[in-house]
S.K.: 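Pasting a structure here, questions to come.
Given the structure is predicted, the values throughout are model-derived calculations rather than measurements. All heavy atoms count here, side chains included; hydrogens, waters and symmetry mates do not.
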Amino acid sequence: MNVLDKKCWICGREEYIPFQCRFCGKVFCSRHRLPEQHACEGLEFVKERGSPGRNANTRTMPEADDVLKDMFKDTAKYAAKSAVRGVGSNIKYSMKSSPSMAIIVICVISFILQVIPGYFEALMLVPGMVFARPWTLITHMFLHVGFFHLFFNMLVLFFFGPELERRAGKGAFLGVFFASGIIAALGYSLTSSEPVVGASGAILGVFAALAVIAPEIKVYVYFIPMKIWHALVLFALVDFLFLGSNDMVAHTAHLFGIVVGLFMGYRIRQQNKRNIWNNPNSYYRR
């Protein structure tokens with residue numbers, strides 16, 4: 001400590017062992033050593049911000065580290081809130097702009113609600129009670145048995161649902177999805193008496209319709225690249241071969257969904273051709 005450091009900041013008195021204020025960091029004599037006796041700026045800052053900190057110089061307040069910590073905390077909270085709001089906004093926008101994404105969100109929420117006693121039983125499809133519980137023709141599509149059942153169905157819908165929307169329109173997509181799901185449920189009810197849940201029939205209908213409308217699309221089945229049309233034939237063949245098996249999979253519903261999807265895909269494709277023929281200039285617009 002040099003000579004200047006030993007002089008009192010208020011009166012200039014030099015002492016052999018001066019006092020350094022722990023609030024503002026300045027040097028004072030014994031007379032002015034208390035914060036109240038030298039109008040300590042650091043003490044006022046501490047009263048406003050909280051507990052006292054370490055020594056500092058005249059330019060830096062003693063709570064600088066705490067101020068930075070508070071600043072980082074506030075920034076982190078703001079970033080977290082912004083991220084949550086951003087995710088929420090993206091989900092809302094996706095649900096409004098894409099029926100596929102809306103169905104995925106509903107299925108996920110419904111999967112969570114299945115923990116409620118009686119929820120699953122009230123919405124699942126029971127073949128012998130279809131006419132007594134007609135709502136189950138639709139609600140069964142939003143129920144799933146286990147995480148992987150939900151995950152793989154939603155994964156297929158996530159990739160191919162928006163593609164059908166883009167090529168055929170949102171209304172056409174909803175028509176294919178629900179028509180395939182309902183008729184698949186009715187077809188299954190004619191061949192089985194076991195309860196059934198899941199959107200597989202509806203999703204395979206979407207897949208089949210897209211295969212008719214855009215057969216050039218390439219997909220990966222177990223990491224093997226192939227055209228979507230070939231993948232559809234493979235899926236239908238597997239379901240046909242496993243008809244009557246006791247593997248807890250509604251193969252009949254899958255096949256009915258595929259048939260409905262093929263029919264509706266053909267109609268959509270013909271309608272698209274008529275639209276292009278009636279308005280050829282629209283085909284060249286980008």
Side-chain angles (χ1 to χ4, degrees), residues 91 94-95 98-127 129-130 133 135-164 173-174 176-189 191-211 219-224 228 231-232 234-261:
I91 291 176
S94 298
M95 290 182 67
S98 172
S100 302
M101 296 305 299
I103 290 172
I104 290 173
V105 171
I106 293 172
C107 285
V108 172
I109 294 174
S110 180
F111 184 74
I112 296 172
L113 294 178
Q114 288 177 193
V115 299
I116 300 175
Y119 178 86
F120 189 87
E121 291 75 10
L123 302 182
M124 70 180 182
L125 177 71
V126 181
M129 303 176 65
V130 171
R133 292 152 39 102
W135 64 86
T136 58
L137 288 171
I138 294 176
T139 57
H140 83 281
M141 290 185 276
F142 300 98
L143 301 177
H144 290 83
V145 182
F147 172 77
F148 289 105
H149 186 205
L150 173 72
F151 175 77
F152 287 112
N153 272 353
M154 296 304 102
L155 184 67
V156 176
L157 183 60
F158 176 80
F159 283 110
F160 298 104
E163 189 64 25
L164 181 60
F173 163 81
L174 289 172
V176 172
F177 182 87
F178 285 105
S180 299
I182 292 173
I183 295 177
L186 291 172
Y188 172 82
S189 299
T191 60
S192 177
S193 60
E194 297 295 328
V196 66
V197 297
S200 301
I203 293 173
L204 281 171
V206 170
F207 192 85
L210 186 60
V219 300
Y220 289 84
V221 180
Y222 296 108
F223 305 103
I224 301 175
I228 188 173
L232 180 65
L234 177 62
F235 295 154
L237 181 61
V238 170
D239 281 317
F240 183 79
L241 292 176
F242 281 89
L243 280 176
S245 63
N246 193 23
D247 58 358
M248 303 300 293
V249 177
H251 298 289
T252 306
H254 292 180
L255 291 173
F256 272 96
I258 289 174
V259 171
V260 176

S.K.: If I compare all heavy atoms of Ala199 with all of Asn153, which pair ends up nearest, and what's the gap?
M.R.: N-ND2, 3.7 Å
S.K.: Indicate yes or no for a side-chain donor-acceptor contact from Tyr188 to the backbone of Glu194 under 3.5 Å, with no hydrogens or angles considered.
M.R.: yes
S.K.: I'd like to check the ring pair (Phe, Tyr, Trp, His ring centres under 6.0 Å) partners of Phe151; sequence neighbours left out, ordered by chain and number.
M.R.: Phe147
S.K.: So do the side chains of Ser180 and Val206 get within less than 4.5 Å of each other, counting heavy atoms only?
M.R.: no
S.K.: Using 0.5 Å steps for rounding, measure from the CG atom of Leu137 to the CG atom of Leu125.
M.R.: 6.0 Å
S.K.: Residues two or more places apart in sequence or in another chain: which of them pass ring pair (Phe, Tyr, Trp, His ring centres under 6.0 Å) with Phe235?
M.R.: Phe207
S.K.: Does the side chain of Phe160 reach to within under 4.5 Å of the side chain of Val219, using non-hydrogen atoms?
M.R.: yes
S.K.: Of all the heavy-atom pairs spanning Ala202 and Met141, show the shortest one and how long it is.
M.R.: CB-SD, 3.8 Å
S.K.: Between Val156 and Phe152, does the side chain to side chain contact (heavy atoms under 4.5 Å, CB included) criterion hold? Intermediate values first, please.
M.R.: CA-CA 6 Å; Val156 176; Phe152 287 112; 5.7 Å; no
S.K.: About how many Å separate CD1 of Ile258 and CZ of Phe240, when rounded to the nearest 0.5 Å?
M.R.: 12.5 Å
S.K.: Quick test of your reading: applying salt bridge (charged side-chain N to carboxylate O under 4.0 Å, His left out), list the pairs with at least one residue in residues 137-163, sequence neighbours left out, ordered by first then second residue.
M.R.: Glu163-Arg166, Glu163-Arg167
S.K.: Can you name the closest pair of heavy atoms from Gly257 and Ala184 and give their distance?
M.R.: N-CB, 3.9 Å
S.K.: Taking atom CZ of Arg133 and atom NE2 of His140, what is their separation to the nearest 0.5 Å?
M.R.: 12.0 Å
S.K.: Any side-chain heavy atom of Thr252 within less than 4.5 Å of one from Phe256?
M.R.: yes
S.K.: Under the ring pair (Phe, Tyr, Trp, His ring centres under 6.0 Å) rule, collect the residues that match up with His254, sequence neighbours excluded.
M.R.: none
S.K.: Identify the heavy atoms of Ser100 and Pro162 that sit nearest to each other, and give their distance.
M.R.: OG-N, 3.4 Å
S.K.: Is the shortest heavy-atom distance from the side chain of Thr191 to the side chain of Leu243 under 4.5 Å?
M.R.: no
S.K.: What are the two closest heavy atoms between Ala250 and Val196, and how far apart are they?
M.R.: CB-CG2, 3.9 Å
S.K.: What's the separation between atom CG in Leu157 and atom CG in Leu204, rounded to the nearest 0.5 Å?
M.R.: 11.0 Å
S.K.: Closest heavy-atom contact between Ala122 and Thr136?
M.R.: O-CG2, 3.9 Å
S.K.: Please report the interatomic distance CD1(Ile104) to CD1(Ile109), rounded to the nearest 0.5 Å.
M.R.: 12.0 Å
S.K.: To the nearest 0.5 Å, what is the distance between CG on Leu174 and CD1 on Ile103?
M.R.: 6.0 Å
S.K.: Can you list everything that forms a ring pair (Phe, Tyr, Trp, His ring centres under 6.0 Å) with Phe242? Sequence neighbours excluded, please.
M.R.: His251
S.K.: Give the intermediate values and the outcome of side chain to side chain contact (heavy atoms under 4.5 Å, CB included) for residues Ser200 and His149.
M.R.: CA-CA 9 Å; Ser200 301; His149 186 205; 4.1 Å; yes
S.K.: Please enumerate all residues that pass side-chain contact (heavy atoms from CB on, under 4.5 Å) together with Gln114, with sequence neighbours excluded.
M.R.: Phe111, Tyr119, Phe120, Leu143
S.K.: Where does the angle between the aromatic ring planes of Phe178 and Phe142 fall among parallel (under 30°), tilted (30 to 60°) and perpendicular (over 60°)?
M.R.: tilted
